[in-house]
Peer 1: 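Before I ask anything, here is the structure I am working with.
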Amino acid sequence: VQWLWPLSRDHFSFLYLYQPPGKPSLPKKYFYRFPHDQMAELDAQYGDPNWIHNMYVKLHPFALVELAVFCVAVAILIFV
């Protein structure tokens, strides 16, 4: 995600980086910075063409956390 977009075109990931099955993995870190001009190369090497299915259809710990946060947010909107 380009968190600092107007200031920087680089892409950043905090705390979690999706690692597709069967692809090489990046070293484990809390903060990742990907230069904008290398994104096509990084996508070819580490990307997943079925990322929507692998991240949002299959259950994994981060999907459960996202679902729980969503349910809490909806409950707050309804009851507050």
Side-chain angles (χ1 to χ4, degrees):
V1 175
Q2 291 178 307
W3 290 108
L4 304 172
W5 171 67
L7 306 173
S8 171
R9 295 182 65 200
D10 293 345
H11 298 250
F12 301 92
S13 178
F14 300 102
L15 302 177
Y16 177 70
L17 184 64
Y18 170 69
Q19 301 289 325
K23 292 276 190 161
S25 62
L26 292 169
K28 299 282 184 189
K29 298 190 298 186
Y30 292 112
F31 173 76
Y32 295 90
R33 179 184 162 269
F34 304 106
H36 181 73
D37 57 345
Q38 295 178 2
M39 286 306 294
E41 176 185 323
L42 290 168
D43 184 40
Q45 186 174 3
Y46 299 106
D48 182 7
N50 298 320
W51 66 273
I52 291 177
H53 181 268
N54 291 334
M55 282 194 67
Y56 293 108
V57 177
K58 294 181 180 178
L59 286 180
H60 55 83
F62 285 100
L64 296 176
V65 170
E66 290 173 352
L67 180 62
V69 169
F70 175 74
C71 290
V72 169
V74 168
I76 289 172
L77 285 173
I78 291 172
F79 297 112
V80 173

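For the numbers below, each heavy atom of this structure counts, side chains included, while hydrogens, waters and symmetry mates do not. Position 1 is the first residue of the sequence, and the numbers go up from there. Because the structure is a prediction, the values reported are computed rather than measured.
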Peer 1: Apart from V72 itself, what residues make up its hydrophobic cluster, given side-chain heavy atom links below 4.5 Å?
Peer 2: I76, V80
Peer 1: So which atom in R33 and which in D10 form the shortest heavy-atom distance, rounded to 0.1 Å?
Peer 2: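 Answer, listing the atom of R33 first, then D10: NH2-OD2, 2.6 Å.
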Peer 1: Consider only side-chain heavy atoms of I, L, V, M, F, W and Y, link residues closer than 4.5 Å, and tell whether I78 and F70 are in one cluster.
Peer 2: yes
Peer 1: Tracing side-chain links under 4.5 Å among I, L, V, M, F, W and Y, which residues wind up in one group with L7?
Peer 2: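 Reading the cluster by chain and number, L7 sits alone, since nothing else belongs.
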